[in-house]
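Data first, discussion second: the structure below is written as structure tokens.
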Amino acid sequence: MIYQSFAELYDELFDPAMYDQWLDFVAKRVQPQSGAVLDLACGSGRLGVLLAEQGYDVSGLDLSEEMLALAAEHADEANVTMPLMAGNMLDLSEIETYQTITCFADSFCYLPDLAAVTKAFREVHDHLAVGGKFLFDVITPHQTDDVYPGYMYNYVDDTRAFVWTSYGIEDEAHAAEHELAFFTLDQETGQYRKVTELHHERTYELADYQTALANAGLSLQRVSADFGEHEVAADTTRWFFEVTREA
């Protein structure tokens with residue numbers, strides 16, 4: 001139950017404006033009638049629900065059963081149909097082909113190395129229709145090297161507390177660790193129970209992503225910043241990729 005509460009609080013604290021921005025990014029590039037959409041690493045399904053409300057035929061896939069349970073709740077609350085699947089982006093062999101695949105919130109940065117990122121791109125290629133679009137984002141080296149080290153976020157209410165602390169990693173290029181600590185009040189004992197998670201993120205130079213996409217047989221059309229609104233710059237914290245499968 002405490003892990004379910006952890007997922008719920010993480011979901012509550014995530015900036016809802018970002019989901020609207022991801023929705024806008026997708027909607028400007030893919031029409032609802034274009035075909036089936038897969039939201040890879042869909043998490044709590046917030047983006048998928050917004051897409052479904054706009055008429056997209058969207059499904060979600062995620063590794064976390066807790067997040068998928070939340071996604072099912074959100075879809076039910078919004079009264080939309082959104083098929084959900086438990087799965088690993090490194091092995092999509094059990095799923096069908098989609099006209100569009102999305103993957104946001106720097107989900108590829110949670111993979112262990114560039115070889116795994118390339119494998120995930122190959123899985124996307126194999127399940128993306130010819131002529132289909134692959135839209136995703138990743139954090140930049142500026143984010144891991146300059147922004148994350150020393151970052152801290154705290155949240156407290158009457159029964160819960162959440163502490164997020166980020167650290168740079170000296171012996172690993174463009175990597176960061178996030179220590180998430182969640183405290184929940186046990187009403188019977190009056191004591192707080194603590195659960196911690198350590199999240200590891202790693203990103204790469206833009207040229208590395210370009211090579212990985214090419215090695216996966218995918219065609220990069222554009223890389224941008226700020227949800228596609230600006231060109232990339234030295235202080236860009238997240239890259240947005242627009243990719244197609246040509247053959």
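Worth knowing before you read on, the calculation uses all heavy atoms, side chains too, and leaves out hydrogens, waters and symmetry mates. When a residue number appears, it is its place in the shown sequence, counting from 1.
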Applying side chain to side chain contact (heavy atoms under 4.5 Å, CB included) to F241 and V138, what does each step give before you reach the verdict? CA-CA 8 Å; F241 290 77; V138 295; 3.7 Å; yes
Exceeds 12 heavy-atom contacts within 6.0 angstrom, atom CD of Q33: yes
Heavy-atom closest pair (R245 atom, L128 atom, distance to 0.1 Å) is NH1-O, 2.9 Å
Donor-acceptor contact below 3.5 Å, side chain R222 vs main chain F240: no
So, H127 and T97: side-chain donor and acceptor under 3.5 Å apart, yes or no? no
Side-chain donor-acceptor pair present, T244, E246, cut-off under 3.5 Å: yes
Considering residues, nucleotides and ligands other than N79, do more than 12 of their heavy atoms fall under 6.0 Å from its CG? no
Is the shortest side-chain heavy-atom distance between S166 and M152 below 4.5 Å? no
Donor-acceptor pair, D226 side chain versus G228 backbone, under 3.5 Å? no
Separation between OH of Y209 and CG of L213, rounded to the nearest 0.5 Å: 10.0 Å
Verify whether one side chain among E201 and H199 offers a donor that lies under 3.5 Å from an acceptor in the other. no
Report the residue from F104, W239, F108, W22 that forms a ring-ring contact (aromatic ring centres under 6.0 Å, His included) with F136. F108
I want to check something: taking the side chain as every heavy atom from C-beta on, are L38 and L61 in contact at a cut-off of under 4.5 Å? yes
Any donor-acceptor N or O pair under 3.5 Å, side chains S64, D62: no
With rounding to the nearest 0.5 Å, note down the distance linking CZ in R122 to NE2 in H125. 10.5 Å
Can you tell if the side chain of C109 reaches within under 4.5 Å of the side chain of R202, non-hydrogen atoms only? no
Looking only at non-hydrogen atoms, find the nearest pair between Q99 and S34 and report the distance. CG-O, 3.3 Å
Between K28 and D24, is there a side-chain N and carboxylate O pair less than 4.0 Å apart? yes
Under-4.0 Å salt bridge between E242 and R29: yes
Please report the C-alpha distance between S44 and H74 in whole Å, then the side-chain angles of each, then the deciding distance to 0.1 Å, and finally whether the side chain to side chain contact (heavy atoms under 4.5 Å, CB included) criterion is met. CA-CA 8 Å; S44 65; H74 295 325; 4.0 Å; yes
Can a donor-acceptor pair be found between the side chains of T100 and Y56 at a distance below 3.5 Å? no
Is F183 close to V163 at the side-chain level, that is, under 4.5 Å between some pair of heavy atoms? yes
When rounded to the nearest 0.5 Å, the distance separating OH of Y204 from OG1 of T140 is 14.0 Å
Please examine the side chains of T236 and H142, heavy atoms only from C-beta on, and report whether any two atoms are closer than 4.5 Å. no
So, the side chain of T118 versus the backbone of L114: is there a donor-acceptor pair under 3.5 Å, distance only? yes
Please report the shortest heavy-atom distance between A116 and L111, naming the atom on each side. O-CD1, 3.8 Å
Count I, L, V, M, F, W, Y as connected when their side-chain heavy atoms are under 4.5 Å apart, and connections chain through other members. Are I101 and L68 then in the same cluster? no
Among Y167, W164, F162, the one residue meeting ring-ring contact (aromatic ring centres under 6.0 Å, His included) with H178: W164
Within one Ile-Leu-Val-Met-Phe-Trp-Tyr cluster: L47 and V80, side-chain cutoff 4.5 Å: yes
Taking all atoms of both residues into account, what is the closest heavy-atom pair of C103 and A41, and its distance? SG-CB, 4.2 Å
Between D11 and R46, does any side-chain N to carboxylate O distance fall below 4.0 Å? yes
Joint hydrophobic cluster, L13 plus V49, side-chain heavy atoms closer than 4.5 Å: yes
Atom pair CG (D20) and CG (L50), whose distance is rounded to the nearest 0.5 Å: 6.0 Å
For the residue pair V37 and D57, establish whether any side-chain heavy-atom pair is separated by less than 4.5 Å. no
Side chain proximity check, V243 to K133, heavy atoms < 4.5 angstrom: no
Let's go through E172 and H200 carefully: what are the C-alpha distance in whole Å and the side-chain angles of both, what is the deciding distance for side chain to side chain donor-acceptor pair (under 3.5 Å) to 0.1 Å, and is it a yes or a no? CA-CA 11 Å; E172 187 176 1; H200 178 275; 3.0 Å; yes
Are R238 and D137 within salt-bridge range, i.e. N to O under 4.0 Å? yes
Under 3.5 Å, is there a donor on one side chain and an acceptor on the other for D39 and T102? yes
Quick check: closest heavy atoms across M85 and I95, and the distance to 0.1 Å? SD-CG2, 3.9 Å
Is the shortest heavy-atom distance from the side chain of S224 to the side chain of E229 under 4.5 Å? no
Does a donor on one side chain sit under 3.5 Å from an acceptor on the other, for T165 and E179? no
Would you give the length of the straight line joining atom OG1 of T211 to atom CZ of F121, rounded to the nearest 0.5 angstrom? 11.0 Å
State, without any angle test, whether H174 and D145 hold a side-chain donor-acceptor pair at a distance under 3.5 Å. yes
Could you report the tightest heavy-atom contact between Q54 and P32, atom names first, then the distance? O-CG, 3.6 Å
Ion pair E12/R160, N-O distance below 4.0 Å: yes
